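Because only heavy atoms are used, hydrogens play no part in the values below, and waters and symmetry mates are left out as well, while side chains stay in. If you're wondering where the values come from, they're calculated on a predicted model, not measured in any experiment.
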Amino acid sequence: MTASHSDPRTSTAYPDADDRADYDYQGGDVDRPGLVDDLESIVVGEVRFDEYSRQLYATDASAYEVTPIGVVYPAAPDDVAAVVEYCGLREIPVLPRGGGTSLAGQTVNEAVVLDFTRHMDAVVEVDPDDRRARVQPGAVLADLNAELEPHDLKFAPDPAWGDKSAVGGAVGNNSTGAHSLQYGKTDAYVESCEVVLADGTVTTFGEVSVDELRERAGDDGIEARIYAEVARILDEESDEIEARYPELKRNVSGYNLNALLEASEDGTVNLAKLLAGSEGTLAVVTEVEVSLEPIPETKSMALLSYGSVVDAMADVEPILEHDPAAVELVDDVLIDLARETAEFEDVVAMLPEGTDSVLLVEFYAENDAEGRERVAELLSDRVPGNGVEGAVTDGAPAAESTPAVAALEAHDADQRALFWKLRKSGLPILLSRTTDEKHVSFIEDCAVPPEHLPEYVEEFRAVLEDHDTFASFYAHAGPGVLHIRPLINTKSEMGAETMEAIADDVTDLVVEYGGSVSGEHGDGRARTQWNRKLYGEALWETFRDLKSAFDPDWILNPGTVCGDHDMTENLRYDAEYEFDAGFDPDLNWNNDNGFQGMAELCHGCGGCRGGQDTTGGVMCPTYRAEDEEILSTRGRANMLRQAMSGGLGAANAAAERTGRAADEVEKAHLSEEFLDEVLDLCIGCKGCAKDCPSEVDMAKLKAEVTHQRHERTGASLREKLFANIDALSALGSATAPVSNWLPKLPGARLLMEKTVGIARERSLPTFRRETVRDWFEDRGGSTVAEGEADRRAILLPDTYTNYSYPERGKAAVRVLEAADVHVELAESTDSGRPAHSKGFLDASRETARENVAELVPAVETGWDVVVVEPSDAVMLQSDYLDLNSGRDAEKVAGNTYGVCEYLDAFRLDERLDANASGALTYHGHCHQKATKKDHHAVAVLRRAGYDVDPLDSTCCGMAGSFGYEAEHYSMSQAIGSILFEQVAESDGNEVVAPGASCRTQLGDRQGAESPAHPIEKLAAAMD
């Protein structure tokens, strides 16, 4: 077991390789240091048994939490073999893991976790002629499909979380997705697997003849035992398999024995397909060869409306006769919730009045004409009389056999996306609860034959009513897999008992209708115990015999599929769970359970782990730069929750050592180590507040905790300087140009880094002697008389605009006046953003109060508030409400606009005499993206005549003062490199960006100039 690969962590591309970086993504005590030493001596990849790393892998997307023994990031198959052999000899459990997006708890265990997504994530080879690809287990499905797209090919199974899920996880879960009617499950595409067996043996499983299987069964060793057991199953268990396995397109419970049986009918078997759905309990996959499917030429869709969910279910079987690629359900619960949610209300508005439930039906077609024809045939059959594209047919159905009362159709991509948006609205809404009651995933994906769906749904609802709860019914109606998450409070003993009682009743219902306890998300901790009831005692023992043949000492993900997991044990929230923030929250938390509710909101789906190319959006920039779990919103949120609920144990452990009461000891989440490793690299981009399905607001959580830290131990000089940047800028402006010379003196930059910690590489803002306010007063105020103006606006000349970049303020005034706006300047230049971003909440609150007091009288008489700098605009629009309650703050927030937002919202730019040309690359500010206000600048620039390419980009990496700080410079550059690559690939000839920080980051590129603000380009278009 000799490591023979180069060290994957020596590259300077890693932000923490900078000597100034004071983070290593680890913390707390290291458990079992002897085991760590042994493993580090035999692997090239990293070995982490520190407290933080172990807690990061204690959860996945399920309701469970189990602290692992430690984490290994293997660099190559040799590492995997070495770890498994070592652990096998000592009977130490091992758990292979991908993206940790599993919903049944199969990726948490008391084991050594192998995380493949860090290093073993490559697409090894693509063979477009044979439609095959070889892939490492950590490769994300979306990345695989991105490499296949130029060949017009794809990996067909399409789980909803495919842009975060790993190929190894797809094999382990036997994943599928919305289009399983067309493509089936992952096992249909697994051709061979390179695996490490429980004793460290490396082998490849693929298709072999049954005769060869029997021959190999006579050899020695673990492989021979496996072949012998498979041969025995074929010989002795075939009748029982045929009798007990459900006849379903979607069954991933138990081991995939029916796939063996089906293959053997042709005289062959493929043990690689047996691994599909085995959840890491039989072998560790280190490479998989998959077959591929062509990308459909085009698609067409219909949206059918029903008076009840049961009516919709009654229509599924007749719809399947039209051979659709997908049939998806959205029920009344989700439609009602979506109607009340700003993001989805427009989508719901297109549904006919009285719609209770809808079925979304999608067809694949060779061309547009065929797609239209297939939709027309469906609607003619199921909703007679609907012959007009995009129109609605409603009223009573023509016959009892056609319960649909209305229909819409969609053929172009935008309209299809709108239909899918309605379907996908369900999960974010369900997961946004901050109460103790949660929509828990434990019977989420039971499957029944589609012909039984109507009675199944009715009886399922009766089960829920019997247990005094409810759930929504949505998702994959076509193959009979409805996603159903009952509302349960597992923090009470009664809640856990109710959870198990519902699962027991539903399992009986599933068995009665010839279904499966899992049609998609696997067994794990939630459903393993029900496999005995589903398959019977004989097959249960067969599963255990197969497990023993592959894994004699049961070290691979023990307890799962055919083990001893109890679904009510190891719950993340149970009757013994206690939450103690250790302080009274300072900000306004208007959600249920307040600060605690937000700290507990992350359910672990991994939505923050998507790549920029495949997922887009803002979240989460530091994770995208480093692929470190602790840098994801999921990692930070889980760590914060665990620290506040005793999961890290720092306070209690310290109390034991010192004999002091736990509340007298530093709280784990307020320790220097926790803040440095967990919260310090959260750059406050606010992307999670929008891009996270649950809308976990990590920036707000960080502000609260950082403020509490300041209250207890004080703040550094640099933090105080940046928090008071407005006053410093005023001084710099008053003493310019001398203030601009000082940083250019020999040795000055290095001295600043050594004393204050400002990175020597950064270009610092220059101060202008003439401020925006000076210029405005010298010109005599606004050139548009108040009485003759169409609108009146108070322009807040923020710190950077007023003292360092007055051209942007001047441009804003000129453009607003050209749009017939009377402009006045606010007294203050400080919005409170700098202090707020540094956690000085008392200071930012006081600034907010002063500004609101100044602005609200004008707002109440019809004035608008306009801000040039995006982060300052969002400060007034959003953060002021977190700091201060009351009508005045709400008035100001509701009447504050970013300058381009203001022009677009009231179409003021249409009054400009603008005649621009040229192609612009637009990078929006993350705060505006997070508050869904980023599109305004693009709209006004386009109407001015520019050809604009808006980048789907994350934060630039400067994040206010973050990129100036020496220890963060390398991380800032790593984040920025993602943006730089997007800029380089854009067709624009010039970059524009509204944020001062963004312009600094983009301007610091070698040979680059600082980009213009969009308002400057509008002013130039007028000239």
*Asks:* Look at Lys690 together with Asp934 and state whether they make a salt bridge at an N to O cut-off of under 4.0 Å.
*Replies:*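 Between Asp934 and Lys690 there is no salt bridge, as every charged N stays at least 4.0 Å from the carboxylate O atoms.
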*Asks:* Quick check: closest heavy atoms across Arg382 and Pro318, and the distance to 0.1 Å?
*Replies:*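 Distance-wise, the nearest heavy atoms are CZ-CB, 3.6 Å.
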*Asks:* Side chains of Pro296 and Lys154: does their closest heavy-atom pair fall under 4.5 Å?
*Replies:*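 Yes, close enough: below the 4.5 Å cut-off.
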*Asks:* In terms of ring plane angle, is the pair Phe473 and Phe460 parallel, tilted or perpendicular, where the classes change at 30° and 60°?
*Replies:*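 The rings of Phe473 and Phe460 stand perpendicular, inter-plane angle above 60°.
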*Asks:* For Lys891, does the NZ atom have more than 12 heavy-atom neighbours from other residues, nucleotides or ligands under 6.0 Å away?
*Replies:*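 Above 12, so yes.
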*Asks:* Is the number of heavy atoms from other residues, nucleotides or ligands within 6.0 Å of CG (Asn367) greater than 12?
*Replies:*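 Count over threshold, so yes.
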*Asks:* Got a second to check how far Asn591's CG is from Ser432's OG, nearest 0.5 Å?
*Replies:*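 Here the rounded value is 10.0 Å.
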*Asks:* Any side-chain donor-acceptor pair under 3.5 Å between Glu362 and His179?
*Replies:*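 Side-chain D/A pair, Glu362 to His179: present.
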*Asks:* Going by heavy atoms in the side chains, are Asn173 and Val252 under 4.5 Å from each other?
*Replies:*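 Sidechains of Val252 and Asn173: no contact.
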*Asks:* Is any side-chain heavy atom of Val865 less than 4.5 Å from a side-chain heavy atom of Asn895?
*Replies:*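 No, too far: nothing below the 4.5 Å cut-off.
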*Asks:* So which heavy atom on Val866 is nearest to which on Gly898, and how close?
*Replies:*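 Smallest heavy-atom distance, with atoms named: CG1-C, 4.4 Å.
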*Asks:* Would you call Arg887 and Glu860 a salt bridge, using N to O less than 4.0 angstrom?
*Replies:*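 The answer is yes: the pair qualifies as a salt bridge.
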*Asks:* I want to check something: taking the side chain as every heavy atom from C-beta on, are Pro449 and Tyr456 in contact at a cut-off of under 4.5 Å?
*Replies:*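 In short, these two side chains do not touch, never coming nearer than 4.5 Å.
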*Asks:* Looking at the rings of His521 and His483, which for Trp means the six-membered one, are their centres under 6.0 Å apart?
*Replies:*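 Yes - the distance between ring centres of His521 and His483 falls below the 6.0 Å cut-off.
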*Asks:* Between the side chains of Arg943 and Asp904, is the shortest nitrogen-to-carboxylate-oxygen separation below 4.0 Å, so that they form an ion pair?
*Replies:*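 Yes, Asp904 and Arg943 are salt-bridged.
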*Asks:* Quick check: closest heavy atoms across Val361 and Pro324, and the distance to 0.1 Å?
*Replies:*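 Closest pair (atom of Val361, atom of Pro324, distance): CG1-CB, 3.7 Å.
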*Asks:* Would you say the side-chain atoms of Asp163 and Thr615 include a donor-acceptor pair closer than 3.5 Å?
*Replies:*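 A donor-acceptor contact under 3.5 Å links the two side chains.
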*Asks:* Taking the six-membered ring for Trp, are Tyr897 and Tyr902 parallel (under 30°), tilted (30 to 60°) or perpendicular (over 60°)?
*Replies:*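 The arrangement is tilted - the two ring planes meet at 30° to 60°.
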*Asks:* Answer whether the closest heavy-atom distance between the side chains of Asp697 and Met598 falls below 4.5 Å.
*Replies:*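 Touching, per the 4.5 Å side-chain cut-off.
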*Asks:* For Ile319, which of Asp315, Val316, Asp323 qualifies under side-chain contact (heavy atoms from CB on, under 4.5 Å)?
*Replies:*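 Among Asp315, Val316, Asp323, the one meeting side-chain contact (heavy atoms from CB on, under 4.5 Å) with Ile319 is Asp315.
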*Asks:* Do the side chains of Glu455 and Glu512 get nearer than 4.5 Å, heavy atoms only?
*Replies:*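 Glu512 does not reach Glu455 side chain to side chain.
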*Asks:* Would Leu304 and Leu379 count as a side chain to side chain contact (heavy atoms under 4.5 Å, CB included) here? Give the steps.
*Replies:* CA-CA 9 Å; Leu304 280 64; Leu379 299 187; 3.9 Å; yes
*Asks:* Identify which one of His603, Arg485, Arg433 satisfies the side chain to side chain donor-acceptor pair (under 3.5 Å) criterion when paired with His439.
*Replies:*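 Only one option passes, and that is Arg433.
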*Asks:* Nearest 0.5 Å, what's the CG-CZ distance between Leu908 and Arg791?
*Replies:*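 Rounded to the nearest 0.5 Å, the CG-CZ separation comes to 6.5 Å.
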*Asks:* How long is the gap from CG on Leu359 to CG on Leu378, to the nearest 0.5 Å?
*Replies:*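 One gets 10.0 Å once the value is rounded to the nearest 0.5 Å.
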*Asks:* Can you see which heavy atom on Tyr474 is nearest to which on Val330, and at what distance?
*Replies:*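 That would be CB-CA, 4.4 Å.
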*Asks:* I want to check something: taking the side chain as every heavy atom from C-beta on, are Phe419 and Leu408 in contact at a cut-off of under 4.5 Å?
*Replies:*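 Phe419 vs Leu408: side chains touch.
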*Asks:* I want to check something: taking the side chain as every heavy atom from C-beta on, are Cys608 and Arg634 in contact at a cut-off of under 4.5 Å?
*Replies:*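 The answer is yes, as the side chains (C-beta and beyond) meet within the 4.5 Å cut-off.
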*Asks:* Looking at every heavy atom in both Gly480 and Pro450, which two are closest together, and how far apart are they?
*Replies:*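 For Gly480 and Pro450, the tightest heavy-atom pair comes out as N-CG, 4.2 Å.
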*Asks:* Is Lys491 paired with Glu600 through a side-chain N to carboxylate O contact shorter than 4.0 Å?
*Replies:*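 Between Lys491 and Glu600 there is a salt bridge, with a charged N closer than 4.0 Å to a carboxylate O.
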*Asks:* So how far is it from Arg416 CZ to Leu303 CG, rounded to the nearest 0.5 Å?
*Replies:*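 These two atoms lie 14.0 Å from each other.
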*Asks:* Can you name the residues that form a salt bridge (Lys or Arg N to Asp or Glu O under 4.0 Å) with Asp332, not counting sequence neighbours?
*Replies:*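 Arg461.
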*Asks:* Consider side chain to side chain donor-acceptor pair (under 3.5 Å). Of Glu520, His476, Arg250, Lys185, which one does Ser180 pass it with?
*Replies:*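 Only match with Ser180 under side chain to side chain donor-acceptor pair (under 3.5 Å): Arg250.
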*Asks:* Search all heavy atoms of Glu366 against all heavy atoms of Glu297 and return the closest pair with its distance.
*Replies:*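 Smallest heavy-atom distance, with atoms named: O-CB, 3.2 Å.
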*Asks:* Not counting sequence neighbours, which residues clear side chain to side chain contact (heavy atoms under 4.5 Å, CB included) with His467? List them please.
*Replies:*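 Partners of His467 under the side chain to side chain contact (heavy atoms under 4.5 Å, CB included) test: Val463, Thr498, Ala501, Ile502, Asp505.
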*Asks:* May I ask you to say whether Arg339 pairs ionically with Asp336, meaning some side-chain N is under 4.0 Å from a carboxylate O?
*Replies:*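 Here Arg339 pairs with Asp336 in a salt bridge, since their nearest N and O are under 4.0 Å apart.
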*Asks:* Please round to the nearest 0.5 Å and tell me the distance separating atom CG of Asp466 and atom CG of Asp468.
*Replies:*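 Going from the CG atom of Asp466 to the CG atom of Asp468 covers 10.0 Å.
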*Asks:* May I ask you to check whether Asp592 and Thr435 show a side-chain donor-acceptor distance below 3.5 Å?
*Replies:*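 Judged by distance alone, the side chains do not pair up.
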